[in-house]
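Remarks on the structure that follows.
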Amino acid sequence: MWVRRPSATDGLGGPLPRAFYRRHVVRVARALLGRLLVHDAPEGRSVARIVEVEAYRGTRDPASHAWRGETPRTRVMFGPPGRSYVYFTYGMHHCLNLVAEPEGIAAAVLVRAAAPLDGLELMRARRGGVPPDRLMRGPGCVAQALGLTRGHDGLDLVAGPLWISDLPPARGRRRIGVGPRIGIRRAVERPWRFFLVGHPCVSAARTSSNQVI
DNA sequence: GTATCGATTAGC
DNA sequence: CTAATCGATACA
């Protein structure tokens, strides 16, 4: 069992409780915006603010990996909430999801973009000489910057090396943009992508066509 | 067994 | 716009 190492400069609070994730995936996705994503890797800690997410749910939405039912790859999506779902795609990229909703309901939130806050050197070593705002812009970049691979699939987000802080996101003066998911051919055009409006680390794709609420 | 496509990215 | 690159999936 992994034990998170405390540190003197640790002002991050603790991991969100499992109940946070045991809700409708869209509600979880919105609640994740602005929160701190932490990876305590053997090489060191990385911290980033989540600025863009997408929700995936159920076995009927053809955009969801789980739409054909439970398979070895999607099993974790059907499992208990508060775990990671990391998949490999296009033969070269990994993507990080956070599993939501009660066990038995396949649902997860894809982390599409984040703003690096700590562990910048570590991220630069993993990503190469990329400007800070581009380190975690795009789901593949998020996973790469954090050093996540399929070995990080199914991790417990409540008591593990990968977790979301329970510190509340800044409430004041933040707008949440809403739009359809990106990169989906058989799109189900529903407002399942959420992002912090105007944040430099949000992926630019189709932003102009999205509503702002 | 073969064929196709992908919750993507970097580069031209 | 396309190449990269391989696991999951569909089908013979």
Side-chain angles (χ1 to χ4, degrees), chain A residues 21 24-30 32-33 37 48 50-79 81 83-101 105-116 123-155 157 162 164 177-196 200-207 209-210:
Chain A
Y21 302 96
H24 192 283
V25 68
V26 167
R27 198 161 278 283
V28 174
R30 296 190 53 133
L32 282 168
L33 276 183
L37 169 62
I50 297 172
V51 301
E52 182 181 358
V53 293
E54 277 175 6
Y56 291 86
R57 185 177 200 270
T59 53
R60 286 223 268 269
D61 173 5
S64 169
H65 288 168
W67 81 290
R68 292 182 197 278
E70 190 172 329
T71 68
R73 181 176 69 150
T74 61
R75 181 149 301 132
V76 67
M77 282 187 75
F78 289 81
R83 298 172 80 87
S84 64
Y85 166 44
V86 180
Y87 67 89
F88 182 60
T89 191
Y90 287 98
M92 62 191 86
H93 302 296
H94 294 271
C95 295
L96 168 67
N97 294 254
L98 313 173
V99 175
E101 308 222 15
I105 300 177
V109 178
L110 172 69
V111 181
R112 283 201 65 89
M123 298 186 192
R124 259 171 51 85
R126 294 170 177 137
R127 288 266 304 131
V130 179
D133 283 358
R134 312 210 67 180
L135 275 174
M136 309 181 84
R137 196 160 84 182
C141 299
V142 170
Q144 188 182 19
L146 294 175
L148 301 177
T149 68
R150 286 234 57 193
H152 298 82
D153 184 51
L155 292 182
L157 303 174
L162 186 64
I164 314 293
V178 185
R181 290 169 296 200
I182 295 175
I184 309 293
R185 289 174 184 276
R186 290 169 296 191
V188 178
E189 294 292 318
R190 294 176 58 175
W192 278 354
R193 170 177 176 251
F194 305 95
F195 57 97
L196 295 184
C201 296
V202 171
S203 72
R206 291 161 69 173
T207 297
S209 69
N210 288 314

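Convention: sequence-line order gives letters A, B, ...; per-chain numbering from 1. The structure displayed is predicted, hence computed values, not measured ones.
- Legend: residues meeting side-chain contact (heavy atoms from CB on, under 4.5 Å) with A/Thr71, ordered by chain and number and at least two apart, are A/Arg73, A/Thr74.
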Note, DNA chain B 5' to 3' with Watson-Crick or G-U pairs under 3.5 Å encoded as ( ), [ ], | and . gives ||||||.||||.
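- The structure places CG of A/Asp153 at 10.5 Å from CG of A/Leu148, a figure rounded to the nearest 0.5 Å.
- In this structure, OH of A/Tyr87 is placed 14 Å from C1' of B/dC5, rounded to the nearest angstrom.
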Protein within reach of the bases, or only the backbone? For nucleotides 3-12 of chain C, mark each nucleotide 5' to 3' as B, S or -, using heavy atoms under 4.0 Å.
-BBBSSSS--
Show the atom names and distances, to 0.1 Å, of all donor-acceptor pairs under 3.5 Å that link a side chain in residues 87-98 of chain A to residues at least two apart or in another chain.
unit_1  : atom_1 : unit_2  : atom_2 : d
A/Asn97 : ND2    : A/Tyr85 : O      : 3.2

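- Ion pairing between a basic and an acidic side chain is recognised when a charged N comes within 4.0 Å of a carboxylate O; A/Arg112 and A/Glu54 show such pairing.
- By the side-chain contact (heavy atoms from CB on, under 4.5 Å) test, A/Ala113 pairs with A/Val51, A/Glu52, sequence neighbours left out.
- Between the CG atom of A/Leu148 and the C1' atom of B/dT8 there is a distance of 16 Å, given to the nearest Å.
- Residue pairs meeting the salt bridge (charged side-chain N to carboxylate O under 4.0 Å, His left out) criterion with at least one partner in residues 90-101 of chain A, sequence neighbours excluded, are A/Arg57-A/Glu101.
- The distance from atom CZ of A/Arg112 to atom C1' of B/dA7 is 7 Å, rounded to the nearest whole Å.
- In this structure, the OH atom of A/Tyr85 is 9 Å from the P atom of B/dA7, given to the nearest Å.
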May I have the list of side-chain donor-acceptor pairs in residues 130-146 of chain A shorter than 3.5 Å, sequence neighbours left out?
unit_1   : atom_1 : unit_2   : atom_2 : d
A/Arg137 : NH1    : A/Pro200 : O      : 3.4
A/Gln144 : OE1    : A/Arg127 : NH1    : 2.9
A/Gln144 : NE2    : A/Arg126 : O      : 3.4

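- The side-chain contact (heavy atoms from CB on, under 4.5 Å) search around A/Ala29 returns A/Val53, A/Ala55, A/Val109, A/Phe194, not counting sequence neighbours.
- Residues passing the salt bridge (charged side-chain N to carboxylate O under 4.0 Å, His left out) test with A/Arg124 are A/Glu121, sequence neighbours excluded.
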Could you go through nucleotides 10-12 of chain B and list every protein N or O atom that sits under 3.5 Å from one of its N or O atoms, giving the distance for each pair?
unit_1 : atom_1 : unit_2   : atom_2 : d
B/dA10 : OP1    : A/Arg127 : NH1    : 3.1
B/dA10 : OP1    : A/Arg127 : NH2    : 3.4

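- With sequence neighbours left out, the salt bridge (charged side-chain N to carboxylate O under 4.0 Å, His left out) criterion links A/Arg68 to no other residue.
- Look at CD on A/Glu54: it is 12 Å from C1' on B/dT8, rounded to the nearest Å.
- By the side-chain hydrogen bond (donor to acceptor under 3.5 Å, both in side chains) test, A/Tyr21 is found to be paired with no residue, residues two or more places apart in sequence or in another chain being considered.
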